[in-house]
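Each chain gets a letter, A, B and so on, in the order the sequences are listed, and its residues count up from 1.
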Amino acid sequence: MGTDIGDLLQKRKIELTDLSNRVVAIDAFNTLHQFLSIIRQRDGSPLVNSSGKVTSHLSGLLYRTASLIEAGIKPVFVFDGKPPDLKSETLSRRKEVRETSLEKWENAKAEGDIEAAHKYAQASSKVDQAIVEDSKYLLGIMGIPWTQAPCEGEAQAAHMVIKKDADCVASQDYDSFLFGAPSVVRNMTVTGKRKLPGKNVYVDVELERIDLDETLGALGVNLDQLIDIAICVGTDYNKGLEKVGPKTALKLIKKHGDIHAVLREKGVEIEGLDNIKELFTHPDVTDDYEIKWGKPDSEKLINFLCEENGFSVDRMEKAVERLKAASGARQKTLDQWF
DNA sequence: CTCCCGCA
DNA sequence: TGCGGGAGG
């Protein structure tokens, strides 16, 4: 998913407390996708309510967000809008992977291969409209703001950081850099553990921050050239050059200056190059958003989570209490400042 | 993923 | 008090 330029970036280990009082623009799609793929039972089936509707994402969102608020972080979730036409090939490839995985999941379950079943179930997860609507509703009654991007969520999140309405983007992908995000954090989990893809193994992951200027300085390129490097390697909008990974791409761009010169030198072309580049340099974003944190609505939360979705009342009362206490503390802090 | 119980 | 592992919906 996204662009494979991770190796080139300057990663700095940070602590969750370093993000205290910071506004973090969270890539909602990215986060929900993680919850959906990871919060599953051993045979791979997701958590569901009594009508069979998936609820894994609700569990993840509630607990994760509550912990972020407790850590003093000010989260705002950014949802994807309509993807650009140039992304259609990537999207149909992802769809194919999901559908193949769904078949393999069924087969593995039938054969009693639990481990394979779990693996394919994870790869079959999809953030659909119902998941998105549920999540927006839950965030609303939690008092957590969210923004609807006109197009790519990562572009919108980057825009909000550029405008200084947020301090950094939180995503596992690197794409927001290509949209000019000055600062990105990865691995923003509570436990500091993450599941290894495909395997039933958990590893410790460090919360890390990557600053665009620092990375550009270390690489000796500008943002335009970083975008060129990504296009050489391949993005959601194009395939990338044969046998060119991040290191080679960096070398090529530094040697020849820009992607046009690289392509001339190699005698190859990238179809629609100007349009691809435009998607990164002038993405479709909006200023029509409001970032405001409110009080959680206990009654609606208990009703939605317990009545409608079958969560345990005991657990939810505890979680809602935590959320209320944490957002009250935040309110106090803000009052002291203003 | 995060919670929470059982166990050192 | 802190870890391991299963449950959660």
Chain A footprint on DNA chain C, 5' to 3' - any atom under 4.0 Å from a heavy atom: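 That gives a stretch of C/dG8 to C/dG9.
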Without decimals, in angstroms, what is the distance between [X] [atom1] and [N] [atom2]?
X: A/Leu61; N: B/dC3; atom1: CG; atom2: P; result: 14 Å
X: A/Lys318; N: B/dC5; atom1: NZ; atom2: P; result: 6 Å
X: A/Phe35; N: B/dC3; atom1: CZ; atom2: P; result: 11 Å
X: A/Leu16; N: B/dT2; atom1: CG; atom2: P; result: 10 Å
X: A/Phe311; N: B/dC4; atom1: CZ; atom2: P; result: 13 Å
X: A/Glu317; N: B/dC4; atom1: CD; atom2: P; result: 13 Å

Under 4.0 Å, counting only non-hydrogen atoms across every strand here, what does [X] touch: a base, just sugar-phosphate, or nothing?
X: A/Ser312; answer: sugar-phosphate
X: A/Arg40; answer: base
X: A/Gly60; answer: nothing

Classify the ring geometry of A/Phe304 against A/Tyr137: parallel below 30°, tilted from 30° to 60°, perpendicular beyond 60°.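 Because their plane-to-plane angle is over 60°, the rings of A/Phe304 and A/Tyr137 count as perpendicular.
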Apply salt bridge (charged side-chain N to carboxylate O under 4.0 Å, His left out) to the pair A/Asp128 and A/Lys126, showing each step before the final yes or no. CA-CA 6 Å; A/Asp128 62 19; A/Lys126 175 178 181 355; over 6 Å; no
Which pairs would a plain distance check flag for residues 98-106 of chain A, meaning a side-chain donor or acceptor within less than 3.5 Å of a matching protein atom at least two apart in sequence or in another chain?
from: A/Thr100; atom 1: OG1; to: A/Glu96; atom 2: O; distance (Å): 2.6
from: A/Ser101; atom 1: OG; to: A/Val97; atom 2: O; distance (Å): 2.7
from: A/Trp105; atom 1: NE1; to: A/Asp43; atom 2: O; distance (Å): 3.0

Counting heavy atoms not belonging to A/Glu278, are there more than 12 under 6.0 Å from its CD?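 Above 12, so yes.
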Could you tabulate the donor-acceptor pairs under 3.5 Å formed by side-chain atoms of residues 248-273 of chain A, not counting sequence neighbours?
from: A/Lys254; atom 1: NZ; to: A/Leu219; atom 2: O; distance (Å): 2.7
from: A/Asp258; atom 1: OD1; to: A/His260; atom 2: N; distance (Å): 3.1
from: A/Asp258; atom 1: OD1; to: A/Ala261; atom 2: N; distance (Å): 2.9

Cluster check A/Leu68, A/Val184: I/L/V/M/F/W/Y, side chain < 4.5 angstrom: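 Looking at the clustering, A/Val184 is in a separate group from A/Leu68.
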